[in-house]
Participant: 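A single structure is presented below for examination.
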Amino acid sequence: MNVKTRFPPSPTGFLHIGSLRTVLYNYLHAKKNQGALVLRVEDTDQARLVDGAIESLIRTLDAVGIAYDEGPILLKDGTLSSKGEQGPYIQSERLEIYKEHAQRLLDEGHAYVCFCSKERLDQVRKEQQLAKLPTKYDRTCLKLGAEEVKERMGAGEPHVVRLKIPEGETTFQDEVRGSITINNSEIDDQVLVKTDGFPTYHLAVVVDDHLMGITHVIRGEEWISSVPKHIILYQAFGFPLPVFAHLPLILNPDRSKLSKRQGDVAVEDFLGKGYLPEALLNFVALLGFNPTGDREIYTLQELEESFELSKVNKGGAVFDQEKLRWMNGQYIKQTDTVRLVEITKQIGVGKEIDRVFMERIMDIEKDRLDVLINLQEQLPMYISQPDYNAELLVWKKADLTDAKTQLEGMRSFLEAQLDAFFEDRSLIEEGIKGYINDKELQNGNVLWPLRVALSGAGKSPGPFELLWVFGKQESIQRIKNALNKLS
Ligand code: GLU
(Lines give C-alpha, C1' and ligand atoms only; values in the text may rest on other atoms or scores of the structure.)
Protein backbone atom coordinates (compact mmCIF):
# COMPACT_ATOMS: atom_id res chain seq x y z
CA MET A 1 0.00 0.00 0.00
CA ASN A 2 1.25 3.46 -0.83
CA VAL A 3 2.28 5.54 2.16
CA LYS A 4 0.02 8.50 2.82
CA THR A 5 0.50 10.92 5.68
CA ARG A 6 -1.53 13.94 6.70
CA PHE A 7 -1.29 17.31 8.38
CA PRO A 8 -4.69 18.35 9.76
CA PRO A 9 -4.36 21.64 11.64
CA SER A 10 -7.21 23.56 13.17
CA PRO A 11 -6.98 26.95 11.48
CA THR A 12 -6.08 29.20 14.40
CA GLY A 13 -4.63 31.98 12.27
CA PHE A 14 -0.96 31.10 12.57
CA LEU A 15 1.32 28.08 12.24
CA HIS A 16 2.84 27.03 15.58
CA ILE A 17 6.52 26.09 15.46
CA GLY A 18 5.54 22.68 16.90
CA SER A 19 3.09 22.18 14.04
CA LEU A 20 5.90 22.99 11.64
CA ARG A 21 7.75 19.99 13.06
CA THR A 22 4.63 17.83 12.73
CA VAL A 23 4.08 18.74 9.11
CA LEU A 24 7.79 18.35 8.35
CA TYR A 25 7.93 14.82 9.81
CA ASN A 26 4.82 13.88 7.83
CA TYR A 27 6.42 15.33 4.73
CA LEU A 28 9.71 13.51 5.36
CA HIS A 29 8.01 10.19 6.02
CA ALA A 30 5.96 10.51 2.83
CA LYS A 31 9.02 11.52 0.75
CA LYS A 32 11.21 8.77 2.15
CA ASN A 33 8.59 6.21 1.09
CA GLN A 34 7.57 7.76 -2.24
CA GLY A 35 4.21 8.48 -0.63
CA ALA A 36 1.88 11.46 -0.48
CA LEU A 37 1.07 14.14 2.08
CA VAL A 38 -2.48 15.43 2.60
CA LEU A 39 -3.34 18.84 4.05
CA ARG A 40 -6.71 18.82 5.74
CA VAL A 41 -8.33 21.71 7.56
CA GLU A 42 -10.06 20.76 10.83
CA ASP A 43 -12.49 23.59 11.30
CA THR A 44 -15.41 21.86 13.01
CA ASP A 45 -15.04 23.93 16.17
CA GLN A 46 -17.19 26.82 15.03
CA ALA A 47 -16.37 28.87 18.11
CA ARG A 48 -12.72 29.04 17.16
CA LEU A 49 -12.93 30.07 13.51
CA VAL A 50 -10.56 32.83 12.41
CA ASP A 51 -11.07 34.75 9.19
CA GLY A 52 -8.39 34.18 6.55
CA ALA A 53 -6.73 31.45 8.63
CA ILE A 54 -6.76 28.81 5.89
CA GLU A 55 -5.22 31.19 3.37
CA SER A 56 -2.51 32.21 5.80
CA LEU A 57 -1.75 28.57 6.62
CA ILE A 58 -1.33 27.73 2.94
CA ARG A 59 0.91 30.76 2.40
CA THR A 60 3.11 29.83 5.32
CA LEU A 61 3.55 26.23 4.16
CA ASP A 62 4.46 27.61 0.77
CA ALA A 63 6.91 30.09 2.26
CA VAL A 64 8.79 27.37 4.15
CA GLY A 65 8.79 25.13 1.08
CA ILE A 66 6.65 22.23 2.29
CA ALA A 67 4.70 20.95 -0.68
CA TYR A 68 1.71 18.67 -0.12
CA ASP A 69 0.07 16.43 -2.67
CA GLU A 70 -3.59 16.80 -1.76
CA GLY A 71 -5.59 19.46 0.01
CA PRO A 72 -6.86 23.00 -0.23
CA ILE A 73 -4.84 25.33 -2.43
CA LEU A 74 -4.84 29.06 -3.00
CA LEU A 75 -5.38 30.32 -6.53
CA LYS A 76 -3.58 33.38 -7.90
CA ASP A 77 -6.68 35.52 -7.42
CA GLY A 78 -6.70 34.63 -3.71
CA THR A 79 -9.66 32.21 -3.80
CA LEU A 80 -9.52 28.70 -2.36
CA SER A 81 -9.61 25.59 -4.48
CA SER A 82 -8.24 22.09 -3.91
CA LYS A 83 -6.18 19.32 -5.47
CA GLY A 84 -6.59 15.57 -4.96
CA GLU A 85 -9.30 12.97 -5.42
CA GLN A 86 -10.41 12.53 -1.82
CA GLY A 87 -11.80 15.98 -1.06
CA PRO A 88 -13.33 18.12 0.16
CA TYR A 89 -10.31 18.73 2.39
CA ILE A 90 -12.01 21.25 4.64
CA GLN A 91 -14.03 19.49 7.32
CA SER A 92 -16.86 22.02 7.44
CA GLU A 93 -17.55 20.99 3.83
CA ARG A 94 -17.87 17.32 4.81
CA LEU A 95 -20.75 17.52 7.28
CA GLU A 96 -22.96 15.12 5.29
CA ILE A 97 -20.25 12.48 5.41
CA TYR A 98 -19.97 12.69 9.22
CA LYS A 99 -23.73 12.62 9.57
CA GLU A 100 -23.96 9.39 7.56
CA HIS A 101 -21.20 7.81 9.58
CA ALA A 102 -22.75 8.82 12.90
CA GLN A 103 -26.04 7.35 11.73
CA ARG A 104 -24.32 4.11 10.86
CA LEU A 105 -22.91 3.89 14.39
CA LEU A 106 -26.36 4.60 15.85
CA ASP A 107 -27.99 1.98 13.64
CA GLU A 108 -25.43 -0.65 14.55
CA GLY A 109 -25.58 0.05 18.27
CA HIS A 110 -22.09 1.53 18.63
CA ALA A 111 -23.41 4.96 19.57
CA TYR A 112 -26.44 6.46 21.28
CA VAL A 113 -28.30 9.74 21.51
CA CYS A 114 -27.92 11.76 24.71
CA PHE A 115 -30.24 14.59 25.80
CA CYS A 116 -28.50 15.49 29.07
CA SER A 117 -28.15 19.20 29.63
CA LYS A 118 -24.87 20.90 30.49
CA GLU A 119 -26.24 21.59 33.99
CA ARG A 120 -26.99 17.92 34.56
CA LEU A 121 -23.56 16.86 33.31
CA ASP A 122 -21.89 19.41 35.60
CA GLN A 123 -23.90 18.06 38.52
CA VAL A 124 -22.88 14.45 37.75
CA ARG A 125 -19.25 15.49 37.50
CA LYS A 126 -19.39 17.30 40.84
CA GLU A 127 -20.87 14.30 42.58
CA GLN A 128 -18.26 11.99 41.10
CA GLN A 129 -15.49 14.34 42.18
CA LEU A 130 -16.87 14.44 45.72
CA ALA A 131 -17.01 10.64 45.80
CA LYS A 132 -13.45 10.57 44.38
CA LEU A 133 -14.63 8.58 41.36
CA PRO A 134 -13.33 9.04 37.80
CA THR A 135 -15.45 11.69 36.07
CA LYS A 136 -17.42 10.10 33.24
CA TYR A 137 -20.81 10.32 31.68
CA ASP A 138 -23.15 8.11 33.77
CA ARG A 139 -24.96 6.64 30.74
CA THR A 140 -28.40 7.83 31.81
CA CYS A 141 -29.49 8.21 28.18
CA LEU A 142 -28.22 4.75 27.20
CA LYS A 143 -31.27 3.41 28.99
CA LEU A 144 -33.77 5.37 26.90
CA GLY A 145 -36.08 3.33 24.63
CA ALA A 146 -35.99 3.79 20.85
CA GLU A 147 -39.49 5.27 20.83
CA GLU A 148 -38.72 7.91 23.43
CA VAL A 149 -35.52 8.91 21.62
CA LYS A 150 -37.41 9.26 18.36
CA GLU A 151 -40.12 11.35 19.98
CA ARG A 152 -37.77 13.72 21.78
CA MET A 153 -35.63 14.16 18.67
CA GLY A 154 -38.79 14.78 16.64
CA ALA A 155 -39.79 17.49 19.10
CA GLY A 156 -36.46 19.19 18.40
CA GLU A 157 -34.90 18.57 21.82
CA PRO A 158 -31.16 19.40 21.82
CA HIS A 159 -29.02 16.27 21.85
CA VAL A 160 -25.58 14.87 21.15
CA VAL A 161 -24.43 11.49 19.85
CA ARG A 162 -22.11 9.52 22.13
CA LEU A 163 -19.82 6.60 21.41
CA LYS A 164 -20.71 3.50 23.45
CA ILE A 165 -17.34 2.38 24.75
CA PRO A 166 -17.38 -1.44 24.89
CA GLU A 167 -16.02 -3.44 27.83
CA GLY A 168 -12.52 -4.87 27.78
CA GLU A 169 -9.20 -3.24 27.01
CA THR A 170 -7.64 -1.52 24.04
CA THR A 171 -4.07 -2.12 22.95
CA PHE A 172 -2.16 -0.36 20.23
CA GLN A 173 1.33 -0.10 18.92
CA ASP A 174 2.92 3.34 18.66
CA GLU A 175 5.96 3.60 16.37
CA VAL A 176 7.68 5.92 18.85
CA ARG A 177 6.37 4.85 22.24
CA GLY A 178 5.85 1.12 21.72
CA SER A 179 2.89 -0.91 22.90
CA ILE A 180 0.21 0.85 24.95
CA THR A 181 -2.76 -0.82 26.69
CA ILE A 182 -5.64 0.93 28.37
CA ASN A 183 -8.64 -0.47 30.22
CA ASN A 184 -11.81 0.67 28.47
CA SER A 185 -13.44 1.41 31.83
CA GLU A 186 -11.18 4.49 31.93
CA ILE A 187 -12.65 5.88 28.71
CA ASP A 188 -15.62 8.24 28.70
CA ASP A 189 -18.50 7.77 26.24
CA GLN A 190 -17.08 10.36 23.91
CA VAL A 191 -19.40 12.87 22.24
CA LEU A 192 -19.18 12.31 18.48
CA VAL A 193 -21.77 14.79 17.25
CA LYS A 194 -22.39 18.06 19.09
CA THR A 195 -25.75 19.80 19.64
CA ASP A 196 -25.01 22.07 16.67
CA GLY A 197 -24.84 18.97 14.46
CA PHE A 198 -21.09 19.34 13.90
CA PRO A 199 -18.90 16.33 14.51
CA THR A 200 -16.29 16.44 17.25
CA TYR A 201 -12.63 16.08 16.36
CA HIS A 202 -12.71 12.36 17.27
CA LEU A 203 -15.41 11.34 14.81
CA ALA A 204 -14.15 13.56 12.00
CA VAL A 205 -10.51 12.55 12.32
CA VAL A 206 -11.24 8.82 12.14
CA VAL A 207 -13.70 9.10 9.26
CA ASP A 208 -11.40 11.38 7.27
CA ASP A 209 -8.19 9.48 7.90
CA HIS A 210 -9.94 6.35 6.67
CA LEU A 211 -11.69 7.87 3.65
CA MET A 212 -8.57 9.74 2.60
CA GLY A 213 -6.51 6.55 2.70
CA ILE A 214 -4.12 7.70 5.44
CA THR A 215 -1.62 4.96 6.30
CA HIS A 216 0.43 6.82 8.94
CA VAL A 217 -0.85 9.16 11.64
CA ILE A 218 2.14 11.18 12.83
CA ARG A 219 1.39 13.96 15.34
CA GLY A 220 2.27 15.46 18.71
CA GLU A 221 2.25 13.44 21.90
CA GLU A 222 -0.66 15.48 23.28
CA TRP A 223 -2.96 13.38 21.08
CA ILE A 224 -1.86 9.99 22.34
CA SER A 225 -4.59 9.80 24.98
CA SER A 226 -7.21 10.04 22.21
CA VAL A 227 -5.94 6.97 20.37
CA PRO A 228 -7.93 4.33 22.34
CA LYS A 229 -11.19 6.15 21.51
CA HIS A 230 -10.13 6.30 17.89
CA ILE A 231 -9.30 2.60 17.82
CA ILE A 232 -12.73 1.78 19.24
CA LEU A 233 -14.21 3.89 16.46
CA TYR A 234 -12.08 2.18 13.78
CA GLN A 235 -13.29 -1.18 15.11
CA ALA A 236 -16.92 -0.07 15.24
CA PHE A 237 -16.72 1.01 11.59
CA GLY A 238 -14.70 -2.03 10.58
CA PHE A 239 -11.90 0.18 9.20
CA PRO A 240 -8.28 -1.07 9.14
CA LEU A 241 -5.97 0.77 11.56
CA PRO A 242 -3.30 3.18 10.34
CA VAL A 243 0.17 3.20 11.88
CA PHE A 244 0.40 5.63 14.81
CA ALA A 245 3.49 7.65 15.75
CA HIS A 246 3.39 10.29 18.47
CA LEU A 247 6.19 12.84 18.48
CA PRO A 248 7.84 13.98 21.74
CA LEU A 249 6.62 17.14 23.44
CA ILE A 250 8.43 20.37 22.68
CA LEU A 251 9.64 22.10 25.84
CA ASN A 252 11.11 25.43 26.90
CA PRO A 253 14.72 25.31 28.11
CA ASP A 254 13.37 25.11 31.72
CA ARG A 255 11.44 22.02 30.56
CA SER A 256 8.04 23.68 30.93
CA LYS A 257 5.57 23.16 28.11
CA LEU A 258 6.11 25.41 25.11
CA SER A 259 3.81 28.42 24.91
CA LYS A 260 0.84 28.47 22.58
CA ARG A 261 0.90 32.26 22.41
CA GLN A 262 1.39 33.47 18.89
CA GLY A 263 4.10 36.03 19.67
CA ASP A 264 6.54 33.36 20.89
CA VAL A 265 5.96 30.51 18.49
CA ALA A 266 4.36 31.59 15.20
CA VAL A 267 6.30 30.49 12.13
CA GLU A 268 5.03 33.60 10.33
CA ASP A 269 6.69 35.78 12.96
CA PHE A 270 10.00 33.98 12.65
CA LEU A 271 9.89 34.47 8.88
CA GLY A 272 8.97 38.11 9.39
CA LYS A 273 12.12 38.63 11.44
CA GLY A 274 14.28 37.16 8.73
CA TYR A 275 14.72 33.56 9.80
CA LEU A 276 15.39 31.59 6.64
CA PRO A 277 12.90 28.81 5.81
CA GLU A 278 15.66 26.23 5.45
CA ALA A 279 17.07 27.14 8.86
CA LEU A 280 13.64 26.80 10.48
CA LEU A 281 13.12 23.40 8.85
CA ASN A 282 16.58 22.19 9.81
CA PHE A 283 16.02 23.38 13.37
CA VAL A 284 12.59 21.78 13.89
CA ALA A 285 13.75 18.58 12.20
CA LEU A 286 16.20 18.11 15.07
CA LEU A 287 13.46 18.43 17.71
CA GLY A 288 13.15 14.70 18.15
CA PHE A 289 15.38 13.24 15.46
CA ASN A 290 18.99 13.42 14.33
CA PRO A 291 20.18 11.40 11.33
CA THR A 292 23.74 11.03 12.60
CA GLY A 293 23.55 12.03 16.23
CA ASP A 294 26.10 14.84 16.23
CA ARG A 295 26.00 16.98 13.10
CA GLU A 296 23.60 19.93 13.21
CA ILE A 297 23.26 21.19 9.65
CA TYR A 298 21.28 19.09 7.16
CA THR A 299 19.68 19.92 3.85
CA LEU A 300 16.06 18.97 3.31
CA GLN A 301 17.26 16.37 0.82
CA GLU A 302 19.50 14.75 3.46
CA LEU A 303 16.64 14.71 5.95
CA GLU A 304 14.32 13.13 3.39
CA GLU A 305 16.81 10.37 2.74
CA SER A 306 17.57 9.57 6.36
CA PHE A 307 14.22 10.00 8.10
CA GLU A 308 12.97 6.96 10.08
CA LEU A 309 9.97 6.99 12.40
CA SER A 310 11.66 4.32 14.48
CA LYS A 311 14.55 6.71 15.17
CA VAL A 312 12.36 9.45 16.65
CA ASN A 313 13.21 10.11 20.31
CA LYS A 314 10.76 9.53 23.14
CA GLY A 315 12.06 12.25 25.45
CA GLY A 316 10.83 15.86 25.26
CA ALA A 317 12.75 18.10 22.85
CA VAL A 318 13.92 21.51 24.05
CA PHE A 319 13.12 24.52 21.89
CA ASP A 320 16.28 26.55 22.30
CA GLN A 321 15.90 29.93 20.59
CA GLU A 322 19.59 30.65 20.98
CA LYS A 323 20.41 27.56 18.97
CA LEU A 324 17.86 28.58 16.35
CA ARG A 325 19.56 31.99 16.04
CA TRP A 326 22.94 30.32 15.72
CA MET A 327 21.65 27.95 13.06
CA ASN A 328 20.04 30.80 11.16
CA GLY A 329 23.38 32.61 11.22
CA GLN A 330 25.05 29.53 9.71
CA TYR A 331 22.51 29.55 6.90
CA ILE A 332 22.85 33.30 6.33
CA LYS A 333 26.60 32.92 5.84
CA GLN A 334 26.07 30.34 3.09
CA THR A 335 23.21 32.12 1.37
CA ASP A 336 23.59 34.15 -1.78
CA THR A 337 23.66 37.89 -1.00
CA VAL A 338 21.11 38.78 -3.68
CA ARG A 339 18.56 36.46 -2.10
CA LEU A 340 19.30 37.80 1.38
CA VAL A 341 18.67 41.36 0.22
CA GLU A 342 15.44 40.21 -1.42
CA ILE A 343 14.24 38.79 1.90
CA THR A 344 15.51 41.76 3.88
CA LYS A 345 13.56 44.18 1.69
CA GLN A 346 10.45 41.97 2.02
CA ILE A 347 10.60 42.21 5.80
CA GLY A 348 10.93 45.98 5.56
CA VAL A 349 14.63 46.43 6.34
CA GLY A 350 16.60 48.87 4.17
CA LYS A 351 13.68 49.36 1.81
CA GLU A 352 14.81 52.91 1.02
CA ILE A 353 18.40 51.92 0.30
CA ASP A 354 19.66 51.47 -3.26
CA ARG A 355 19.79 47.76 -4.09
CA VAL A 356 23.41 47.59 -5.25
CA PHE A 357 24.59 49.51 -2.18
CA MET A 358 22.44 47.24 0.00
CA GLU A 359 23.97 44.14 -1.57
CA ARG A 360 27.44 45.41 -0.71
CA ILE A 361 26.36 46.10 2.86
CA MET A 362 24.86 42.62 3.11
CA ASP A 363 27.98 41.08 1.67
CA ILE A 364 30.16 42.44 4.44
CA GLU A 365 27.60 42.15 7.26
CA LYS A 366 26.25 38.67 6.62
CA ASP A 367 28.99 36.83 8.47
CA ARG A 368 28.03 38.67 11.66
CA LEU A 369 24.25 38.39 11.35
CA ASP A 370 22.12 35.82 13.12
CA VAL A 371 18.66 37.18 12.23
CA LEU A 372 18.21 39.39 9.17
CA ILE A 373 16.05 41.96 10.95
CA ASN A 374 19.03 42.84 13.16
CA LEU A 375 20.69 44.41 10.12
CA GLN A 376 18.37 47.34 10.81
CA GLU A 377 20.58 48.44 13.71
CA GLN A 378 23.67 48.53 11.48
CA LEU A 379 22.14 50.55 8.66
CA PRO A 380 22.39 54.11 10.07
CA MET A 381 26.18 54.11 9.86
CA TYR A 382 26.00 53.32 6.16
CA ILE A 383 23.45 55.93 5.20
CA SER A 384 24.67 58.92 7.16
CA GLN A 385 27.99 60.21 8.44
CA PRO A 386 28.51 58.68 11.87
CA ASP A 387 28.89 60.71 15.03
CA TYR A 388 31.36 59.61 17.71
CA ASN A 389 34.03 60.95 20.07
CA ALA A 390 37.48 61.66 18.69
CA GLU A 391 38.97 59.37 21.39
CA LEU A 392 37.41 56.37 19.66
CA LEU A 393 39.82 56.94 16.77
CA VAL A 394 42.81 56.19 19.00
CA TRP A 395 44.32 52.72 18.77
CA LYS A 396 45.02 51.31 22.24
CA LYS A 397 48.81 51.62 21.82
CA ALA A 398 48.70 55.14 20.35
CA ASP A 399 47.39 58.67 20.93
CA LEU A 400 45.40 61.44 19.23
CA THR A 401 48.43 62.79 17.39
CA ASP A 402 49.29 59.42 15.96
CA ALA A 403 45.67 58.84 14.90
CA LYS A 404 45.77 62.14 13.07
CA THR A 405 49.09 61.38 11.37
CA GLN A 406 47.91 57.95 10.20
CA LEU A 407 44.58 59.24 8.90
CA GLU A 408 46.29 62.02 6.99
CA GLY A 409 48.57 59.41 5.44
CA MET A 410 45.59 57.27 4.52
CA ARG A 411 43.78 60.21 3.00
CA SER A 412 46.65 61.04 0.65
CA PHE A 413 47.15 57.38 -0.18
CA LEU A 414 43.47 56.86 -1.04
CA GLU A 415 43.19 60.13 -2.93
CA ALA A 416 45.95 58.90 -5.22
CA GLN A 417 44.02 55.70 -6.11
CA LEU A 418 41.76 55.28 -9.12
CA ASP A 419 38.06 54.48 -8.66
CA ALA A 420 38.74 50.92 -9.85
CA PHE A 421 40.93 50.34 -6.80
CA PHE A 422 37.79 50.62 -4.60
CA GLU A 423 35.94 48.03 -6.65
CA ASP A 424 38.20 45.16 -5.68
CA ARG A 425 38.51 44.06 -2.08
CA SER A 426 41.78 42.21 -2.57
CA LEU A 427 43.35 45.21 -4.31
CA ILE A 428 42.32 47.39 -1.38
CA GLU A 429 43.78 44.97 1.13
CA GLU A 430 47.03 44.44 -0.74
CA GLY A 431 47.40 48.18 -1.39
CA ILE A 432 46.94 49.23 2.22
CA LYS A 433 49.06 46.41 3.62
CA GLY A 434 51.78 47.36 1.13
CA TYR A 435 51.57 50.98 2.30
CA ILE A 436 51.91 49.90 5.97
CA ASN A 437 54.92 47.73 5.12
CA ASP A 438 56.66 50.37 3.04
CA LYS A 439 56.32 52.94 5.77
CA GLU A 440 57.23 50.38 8.45
CA LEU A 441 54.04 51.12 10.43
CA GLN A 442 52.02 48.86 12.74
CA ASN A 443 48.69 47.47 11.45
CA GLY A 444 46.73 48.64 14.51
CA ASN A 445 47.94 52.23 14.31
CA VAL A 446 46.64 52.57 10.76
CA LEU A 447 43.73 50.15 10.48
CA TRP A 448 42.02 51.02 13.77
CA PRO A 449 41.57 54.76 13.13
CA LEU A 450 40.74 54.05 9.50
CA ARG A 451 37.99 51.60 10.45
CA VAL A 452 36.53 53.95 13.08
CA ALA A 453 36.66 56.90 10.68
CA LEU A 454 34.62 54.86 8.20
CA SER A 455 32.14 53.27 10.62
CA GLY A 456 32.10 55.53 13.66
CA ALA A 457 31.78 52.39 15.78
CA GLY A 458 33.90 50.34 18.16
CA LYS A 459 32.75 47.21 16.36
CA SER A 460 32.06 46.92 12.65
CA PRO A 461 33.22 45.08 9.55
CA GLY A 462 36.90 45.67 8.71
CA PRO A 463 38.32 48.73 6.94
CA PHE A 464 38.99 47.01 3.60
CA GLU A 465 35.36 45.89 3.38
CA LEU A 466 34.10 49.31 4.38
CA LEU A 467 36.23 51.05 1.73
CA TRP A 468 34.75 48.69 -0.83
CA VAL A 469 31.19 49.46 0.28
CA PHE A 470 31.64 53.24 0.37
CA GLY A 471 33.87 53.79 -2.66
CA LYS A 472 36.40 56.56 -3.09
CA GLN A 473 34.42 59.72 -2.55
CA GLU A 474 32.41 58.70 0.52
CA SER A 475 35.44 57.03 2.15
CA ILE A 476 37.57 60.14 1.79
CA GLN A 477 34.73 62.28 3.06
CA ARG A 478 34.48 60.14 6.19
CA ILE A 479 38.23 60.35 6.77
CA LYS A 480 38.09 64.13 6.44
CA ASN A 481 35.33 64.24 9.05
CA ALA A 482 37.46 62.20 11.39
CA LEU A 483 40.40 64.58 10.81
CA ASN A 484 38.11 67.50 11.69
CA LYS A 485 37.32 65.85 14.98
CA LEU A 486 41.03 65.50 15.66
CA SER A 487 42.03 69.08 14.95
N1 GLU B 1 -6.81 19.22 14.39
C2 GLU B 1 -5.84 18.65 15.27
C3 GLU B 1 -4.83 19.75 15.62
O4 GLU B 1 -5.24 20.84 15.71
C5 GLU B 1 -5.19 17.47 14.60
C6 GLU B 1 -4.73 16.39 15.50
C7 GLU B 1 -4.34 15.16 14.72
O8 GLU B 1 -3.31 15.20 14.06
O9 GLU B 1 -5.06 14.19 14.76
O10 GLU B 1 -3.69 19.56 15.81
Side-chain angles (χ1 to χ4, degrees), residues 14-25 60-61 63-66 248-300 302-303 313 316-350 358-359 361-382 457-462 465:
F14 69 94
L15 184 66
H16 191 282
I17 191 89
S19 302
L20 182 65
R21 181 193 62 175
T22 301
V23 66
L24 176 64
Y25 281 24
T60 306
L61 289 177
V64 293
I66 293 198
L249 290 178
I250 302 181
L251 308 169
N252 291 312
D254 67 1
R255 302 200 74 80
S256 58
K257 211 175 160 230
L258 190 61
S259 158
K260 286 203 187 323
R261 282 211 325 268
Q262 168 158 10
D264 309 331
V265 290
V267 173
E268 290 86 329
D269 294 351
F270 285 109
L271 292 172
K273 287 181 196 144
Y275 284 87
L276 301 178
E278 51 275 43
L280 285 171
L281 290 181
N282 189 157
F283 176 78
V284 298
L286 301 189
L287 297 175
F289 170 71
N290 192 322
T292 59
D294 50 5
R295 226 175 89 197
E296 305 267 26
I297 306 290
Y298 299 95
T299 63
L300 192 55
E302 288 172 318
L303 292 168
N313 305 329
V318 171
F319 178 64
D320 179 352
Q321 296 236 18
E322 211 169 296
K323 180 167 163 194
L324 172 57
R325 277 196 297 275
W326 167 81
M327 192 172 276
N328 199 53
Q330 299 299 307
Y331 274 90
I332 288 177
K333 274 197 235 312
Q334 310 169 358
T335 300
D336 174 53
T337 300
V338 173
R339 180 171 162 232
L340 291 176
V341 169
E342 194 60 47
I343 299 173
T344 310
K345 295 228 172 207
Q346 270 166 23
I347 64 172
V349 175
M358 188 69 179
E359 281 169 10
I361 297 172
M362 182 63 84
D363 224 65
I364 70 169
E365 288 282 353
K366 71 182 193 186
D367 281 357
R368 310 192 304 147
L369 270 180
D370 52 3
V371 184
L372 289 175
I373 202 163
N374 293 342
L375 184 63
Q376 186 76 53
E377 294 154 29
Q378 311 303 328
L379 290 180
M381 83 175 198
Y382 291 100
K459 276 187 184 158
S460 75
E465 280 94 5

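Each residue takes its place number in the sequence, starting with 1.
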Participant: Ignoring hydrogens and angles, tell me if any N or O in the side chain of D320 forms a donor-acceptor pair with the backbone of E322 under 3.5 Å.
Facilitator: yes
Participant: Which pair of non-hydrogen atoms, one from P291 and one from L303, has the smallest distance, and what is that distance?
Facilitator: CG-CD2, 4.1 Å
Participant: Suppose we screen for side-chain contact (heavy atoms from CB on, under 4.5 Å). Which residues come up paired with T335, at least two apart in sequence or across chains?
Facilitator: L276, E278, R339, L340
Participant: Would you name the heavy atoms of A63 and L271 that are closest together and state the gap between them?
Facilitator: CB-CD1, 3.9 Å
Participant: Quick one: do V318 and K323 satisfy side-chain contact (heavy atoms from CB on, under 4.5 Å)? Show the steps, please.
Facilitator: CA-CA 10 Å; V318 171; K323 180 167 163 194; over 6 Å; no
Participant: Nearest 0.5 angstrom please: L379 CG to M381 CE, how far?
Facilitator: 9.0 Å
Participant: Do T337 and E359 meet the criterion of a side-chain donor-acceptor pair at a distance under 3.5 Å?
Facilitator: no
Participant: With a 4.5 Å cut-off on side-chain heavy atoms, are P248 and R21 touching?
Facilitator: yes
Participant: Filter on salt bridge (Lys or Arg N to Asp or Glu O under 4.0 Å), then keep only pairs touching residues 282-291, sequence neighbours left out; what's left?
Facilitator: none
Participant: Could you tell me which residues satisfy side-chain contact (heavy atoms from CB on, under 4.5 Å) with L369, sequence neighbours excluded, listed by chain and number?
Facilitator: I332, M362, L372, N374, L375
Participant: Nearest 0.5 angstrom please: I250 CD1 to K257 NZ, how far?
Facilitator: 10.0 Å
Participant: I want to check something: taking the side chain as every heavy atom from C-beta on, are F14 and T60 in contact at a cut-off of under 4.5 Å?
Facilitator: no
Participant: Please test L20 against V64 for side-chain contact (heavy atoms from CB on, under 4.5 Å), starting from the C-alpha separation and ending with a verdict.
Facilitator: CA-CA 9 Å; L20 182 65; V64 293; 4.0 Å; yes
Participant: Look at the side chain of E302 and the backbone N and O of T299, then say whether any donor-acceptor pair between them is shorter than 3.5 Å.
Facilitator: yes
Participant: Atom CD1 in I66, atom CG in L281: separation rounded to 0.5 Å?
Facilitator: 5.0 Å
Participant: I want to check something: taking the side chain as every heavy atom from C-beta on, are M327 and L280 in contact at a cut-off of under 4.5 Å?
Facilitator: no
Participant: Which pairs with one or both residues in residues 282-292 pass side chain to side chain donor-acceptor pair (under 3.5 Å), sequence neighbours excluded?
Facilitator: N282-Y331, N290-Y298, T292-D294, T292-Y298
Participant: Rounded to the nearest 0.5 Å, how far apart are CD of E365 and CE of M358?
Facilitator: 9.5 Å
Participant: With a 6.0 Å cut-off (strictly less than), is the heavy-atom count around CZ of R295, excluding the residue itself, greater than 12?
Facilitator: yes
Participant: Determine whether a donor-acceptor pair (N or O, by modelled atom type, separation under 3.5 Å) exists between the side chain of D370 and the backbone of L324.
Facilitator: no
Participant: List the steps, then state whether side-chain contact (heavy atoms from CB on, under 4.5 Å) holds for Q378 with R368.
Facilitator: CA-CA 11 Å; Q378 311 303 328; R368 310 192 304 147; 3.6 Å; yes
Participant: What are the two closest non-hydrogen atoms of G316 and L251, and how far apart are they?
Facilitator: CA-CD1, 3.9 Å
Participant: Using 0.5 Å steps for rounding, measure from the OG atom of S19 to the CG atom of L61.
Facilitator: 9.5 Å
Participant: Give me the atom names and distance for the closest heavy-atom approach of E377 to P380.
Facilitator: O-CD, 3.4 Å
Participant: By the ring-ring contact (aromatic ring centres under 6.0 Å, His included) test, which pairs, at least two apart or in different chains, include something from residues 267-296?
Facilitator: F270-Y275, F283-F319, F289-F307
Participant: Distance check, rounded to the nearest 0.5 Å: Q321 atom CD versus I17 atom CD1?
Facilitator: 8.0 Å
Participant: Not counting sequence neighbours, which residues clear side-chain contact (heavy atoms from CB on, under 4.5 Å) with D367? List them please.
Facilitator: K333
Participant: Can any side-chain N or O of Q330 pair as donor or acceptor with the backbone N or O of I297 at less than 3.5 Å?
Facilitator: no
